[in-house]
Amino acid sequence: MSNKDLASIFSKIALYMEIDDVPFKPQAYERAAGTIESLQESVEDIYKSEGIKGLEKIPGVGRGIAEKIEEYIKTGKVSEYEKLRKKIPVDITELTRIEGIGPKMVRDLYKHLKVKTLRDLEKAARAGKIRGLPHFGEKTEQNILQGIEFVKRSKGRWLLGTIYPFVEGLVGKLEDSPLITRAVAAGSVRRMKETIGDVDILITTKKPEKAIEYFLSLISYEKIWGKGATKVSVRTAEGFDIDMRVLPQEIFGAGLQYFTGSKEHNVRLRAYAQSRGFKLSEYGLFRGRKRVACATEEDVYKALGMAYIEPELREDQGEIDAALKDVLPRVIEYDSLRGDLQVQTNWTDGKDSIETMAKKARSLGREYIAITDHTRDLAMVGGMDEEKIARQMVEIDKLNAKFKEQREKFRILKGAEVNVRKDGTLDIADETLAKLDVVGISVHSNFKMTKKDMTSRIVRAMRNPHADILFHPTGRLIQKRSPYEVDMDEIIKEAKNTGTVLEINAFPDRLDLQETNIRKAVDAGCRMAIDSDAHAAEHLEYVKYGIAQARRGWAEKKDAINAWPLEKMLPFLKSK
DNA sequence: GCCGTTTTCGGCCCGACTGTTTTCAGTCG
């Protein structure tokens, strides 16, 4: 059993209850599902060590849901869910994934046409059976068919690293237009979530119709979902959706706040606003009929009596309470990195030379980079042995001498990405590791070990006195591979004890550590390094996604060692 | 079913759009 399975059961219960028009309970189940899914500890472990009481400490979990979790752990089933499922035996999550289909439509489709799955739905729609149902029409049928296409084709979410450059370019062009006074990407892009469902762009303009036409002229789109006086919604040729909305200047802050989300943050914020006698919506913050200042987001948060909350923190993870008490962290800024401590070159599986990588890094304002090519056991990429490392060190000395000659304040550090073997030993001899400035250690093999074995494997590697940084600590690849089984609480504890730095790998499909672990590492007082893991010069810019991840994990500048100057960073590494 | 600087009972976020109907339910963000 896993948290994910349990979360999925609870969100299905929520959907079934919505079918039956049960008031309020669906939200409760949905909320519990959300927190359980993003929980780091497994509920089973919590239950084993602390029982029902422990479960009730999970936000959104009370007596009732805690008992259902207990039932699931003991029997593998939740009888309430089984009961509901028997009544309407449909794949409710799959069906409601279709845009425009919610619980009530699922109910009607099942009642009249016995639609249980996406296949059934597609068949019914193609046969033209749906248009005949009460409250359904031809258009609904068409929309269902298109929705099915989308779900089948794209699975719905995109990596931030795929979407972000596109959005950045688009917003830049919008801003440059004399038609448009302001353009901002809101939604999950602004919050820098690791994956993006769709893109929301907000603009202010004196000529909405023309601005919308201009927007359409900038992109190639496959379909216009809808176009009105102040809003347009399209599917791009690349296959994702963009909504662009025109907002009045004077309530831009309220609108931006609203459309930035997250939904959970907004729900919480609005409930708080209401408790203080306000009403908050995308049209402003109101006290009675009177609109309170809301031209900027700062105005909105200020009027509610709290500190400004950075978009990356708006996930209902305690940020509102912290803002009220004015104890939010000063999260690390996007321009604060001085160095990059994981860079691959054409000595192994990178595309570019050491010199090319160094020059590009310097042009991005970095003051130092560590060259960390793979080591011996990664034979397929030409992993380096002791001898090859020695040769590379000579090459780096030469390049550093050249920078010095040109009076450039830039330094290439000698490093390696050393493999952690199955038993926790490293694949390079200690004498060689001792000569390197930066020793990264990482797991690249034997991913399928028990949690206990994987944890002690990594702990052993961290205890090597030469091991400086644990690279991509959980090994996950977003949308491709789950993290390996590892006890991150233990790893974080050991990182603190041994002075091992934990990496926040910024490569778009890694983003590893994840934000929940970053937050734990911050709380534990661990140091982290935000690295691009570049395998080509253009990848060096990926660090912004790592910084975003660090911000989402409430990390400050002091927490990231490569935000420190070299004179402080290097002695820190060597002090281990 | 959850939750508590107004509460252990009585609340629970808000508004627009769509498609189907003629006043609104369902869905979405």
Side-chain angles (χ1 to χ4, degrees), chain A residues 10-11 13-36 55-69 78 80 95-109 130-144 146-147 186-188 191 197-202 225-233 241-243 245 247 251 254-286 305-306 316 320-321 324-325:
Chain A
F10 286 146
S11 78
I13 291 179
L15 288 167
Y16 277 126
M17 286 184 161
E18 277 188 53
I19 286 184
D20 288 339
D21 266 329
V22 179
F24 306 116
K25 289 190 191 186
Q27 291 102 296
Y29 275 103
E30 196 48 60
R31 167 135 198 263
T35 45
I36 288 169
L55 295 175
E56 282 185 53
K57 282 189 212 149
I58 303 167
V61 175
R63 193 79 207 178
I65 290 184
E67 276 169 6
K68 291 191 172 60
I69 297 174
V78 178
E80 173 91 359
L95 290 170
T96 50
R97 233 189 357 247
I98 305 297
E99 184 90 2
I101 293 192
K104 306 287 160 63
M105 284 170 86
V106 169
R107 175 195 59 199
D108 292 346
L109 288 163
I130 288 174
R131 66 184 73 179
L133 300 185
H135 302 286
F136 288 70
E138 213 167 308
K139 209 134 190 193
T140 307
E141 198 172 71
Q142 281 310 307
N143 286 341
I144 286 173
Q146 280 183 349
S188 49
R191 301 201 315 282
D198 53 23
V199 176
D200 287 295
I201 293 175
L202 307 178
W225 295 113
K227 189 169 87 163
T230 60
K231 187 192 156 179
V232 60
S233 183
D241 289 347
I242 307 181
D243 286 351
R245 291 182 172 79
L247 291 185
I251 58 158
L256 181 58
Q257 196 288 318
Y258 175 82
F259 287 111
T260 296
S262 68
K263 194 176 172 188
E264 291 74 19
H265 173 85
N266 285 355
V267 165
R268 181 58 61 93
L269 192 66
R270 251 181 254 166
Y272 178 77
Q274 208 189 38
S275 77
R276 298 277 128 179
F278 291 99
K279 193 185 71 168
L280 179 62
S281 77
E282 64 265 48
Y283 298 102
L285 180 64
F286 296 88
M306 60 183 81
D316 189 23
I320 290 175
D321 279 347
L324 283 166
K325 293 181 194 139

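Sequence lines set the chain letters: A, B, ... in the order given, protein chains first and strands last, and positions in each chain run from 1. Quick caveat, the model's predicted, so the values are computed rather than measured.
- Among the atoms of the strands shown, none is found under 4.0 Å from any heavy atom of L269(A).
- Across all strands shown, I98(A) has heavy atoms under 4.0 Å from sugar-phosphate atoms exclusively, and none from any base.
- Listed pair N143(A) / dG19(B) meets the phosphate criterion, a side-chain N or O lying under 4.0 Å from OP1 or OP2.
- Using a 4.0 Å heavy-atom distance criterion, K263(A) is classed as a base contact.
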> Checking side-chain contact (heavy atoms from CB on, under 4.5 Å) for the pair V232(A)/D243(A): CA distance, chi angles, key distance, verdict?
Replying inline: CA-CA 6 Å; V232(A) 60; D243(A) 286 351; over 6 Å; no
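- When rounded to the nearest whole Å, the span between NZ of K231(A) and P of dC17(B) equals 8 Å.
- Rounding to whole angstrom units, CD of residue E99(A) and C1' of dT18(B) are separated by 11 Å.
- Residues from residues 21-28 of chain A that place a heavy atom under 4.0 Å from any atom of DNA chain B, listed by number: F24(A), K25(A), A28(A).
- Considering only side-chain atoms of D200(A), the nucleotide from dG15(B), dG29(B), dC2(B) that sits closest is dG29(B).
- Listed nucleotides dC3(B), dT27(B), dG1(B) differ in distance to Y29(A); the shortest reach to its side chain belongs to dG1(B).
- Backbone-only engagement by E138(A) is indicated by non-hydrogen atom pairs under 4.0 Å involving sugar-phosphate atoms exclusively.
- Side-chain atoms of I130(A) and L109(A), non-hydrogen and from C-beta on, do get closer than 4.5 Å to each other.
- Here dG15(B) is the nucleotide among dG1(B), dG29(B), dG15(B) with the atom lying nearest to any side-chain atom of S281(A).
- Using a 4.0 Å heavy-atom criterion, one finds that K68(A) contacts the sugar-phosphate atoms exclusively.
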>> side-chain contact (heavy atoms from CB on, under 4.5 Å), that's the test. Do F136(A) and R131(A) meet it? Break it down for me.
In response: CA-CA 5 Å; F136(A) 288 70; R131(A) 66 184 73 179; over 6 Å; no
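- Atom CD of E141(A) is separated from atom P of dT20(B) by 10 Å (rounded to the nearest Å).
- Nucleic acid contact for Y258(A): base, since at least one base atom lies under 4.0 Å from a heavy atom of the residue.
- Following rounding to the nearest Å, N266(A) (CG) and dG15(B) (P) show an atom-to-atom distance of 13 Å.
- Closest of all the heavy-atom pairs between Y272(A) and L324(A) is OH-CD2, 3.3 Å.
- Enclosure of atom CZ in R245(A) by more than 12 non-hydrogen atoms of other residues, nucleotides or ligands within 6.0 angstrom is indicated.
- Here the P atom of nucleotide dG15(B) and the CZ atom of F259(A) are 13 Å apart, to the nearest Å.
- Neither OP1 nor OP2 of dC3(B) sits under 4.0 Å from any side-chain N or O of R63(A).
- The distance from atom CG of D241(A) to atom P of dG29(B) is 9 Å, rounded to the nearest whole Å.
- Minimum atom distance to the side chain of T140(A) is reached by dG19(B), of the listed dG15(B), dC2(B), dG19(B).
- Nucleotide dC24(B) forms a pair with dG19(B), judged by Watson-Crick or G-U wobble geometry with both contacts under 3.5 Å.
- Here Q274(A) reaches the OP1 or OP2 of dC12(B): one of its side-chain N or O atoms lies under 4.0 Å away.
- Considering only side-chain atoms of K139(A), the nucleotide from dT20(B), dG15(B), dG1(B) that sits closest is dT20(B).
- Annotation: dT7(B) and dG1(B) have their P atoms spaced 25 Å apart (nearest Å).
- In this structure the side chain of T140(A) never reaches within 4.5 angstrom of the side chain of L133(A), judged on heavy atoms.
- Residues I65(A) and E56(A) form no side-chain contact, since every pair of their non-hydrogen atoms from C-beta on lies 4.5 Å or further apart.
- R276(A) comes within contact range of the sugar-phosphate backbone alone, with a heavy-atom separation under 4.0 Å but no base atom that close.
- Checking each of L15(A), L95(A), I98(A) against V106(A) for a side-chain contact (heavy atoms from CB on, under 4.5 Å) leaves exactly one that passes, namely L95(A).
- Using a 4.0 Å cut-off, some side-chain N or O of K279(A) falls inside it from OP1 or OP2 of dG15(B).
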> side-chain contact (heavy atoms from CB on, under 4.5 Å) between T260(A) and D200(A): does it pass, once the steps are laid out?
Replying inline: CA-CA 8 Å; T260(A) 296; D200(A) 287 295; over 6 Å; no
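- One C1' atom belongs to dT23(B), the other to dC17(B), and the distance between them is 16 Å to the nearest Å.
- Nucleotides dG26(B) and dT21(B) are separated by 13 Å at their P atoms, to the nearest Å.
- Here, dT20(B) and dC24(B) have their C1' atoms 9 Å apart, quoted to the whole Å.
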>> Could you go through L269(A) and M306(A), starting from their C-alpha distance and side-chain angles, then the distance that decides it, and tell me whether this counts as side-chain contact (heavy atoms from CB on, under 4.5 Å)?
In response: CA-CA 11 Å; L269(A) 192 66; M306(A) 60 183 81; 3.7 Å; yes
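- Distance check on atom P: dC2(B) versus dT6(B) gives 23 Å, rounded to whole Å.
- Nucleotides dC12(B) and dT18(B), compared at atom C1', are 27 Å apart to the nearest Å.
- Rounded to whole Å, atom C1' of dG15(B) lies 11 Å from atom CZ of R245(A).
- Taking the P atom of each, dG11(B) and dA16(B) are spaced 26 Å apart, rounded to whole Å.
- When the nearest nucleotides of DNA chain B are assigned to I65(A) and D108(A) by heavy-atom distance, the more 5′-ward of the two goes with I65(A).
- The NE2 atom of H135(A) sits 11 Å away from the C1' atom of dG19(B) (whole-angstrom rounding).
- Counting non-hydrogen atoms under 4.0 angstrom, R107(A) reaches the backbone sugars and phosphates but no base.
- As rounded to the nearest Å, dG10(B) and dG15(B) have C1' atoms that lie 25 Å from one another.
- Nearer the 5' end of DNA chain B, as judged by each residue's closest nucleotide, is the contact made by E80(A), out of P103(A) and E80(A).
- Contact annotation for D243(A): no contact, since no heavy-atom pair falls under 4.0 Å across all strands.
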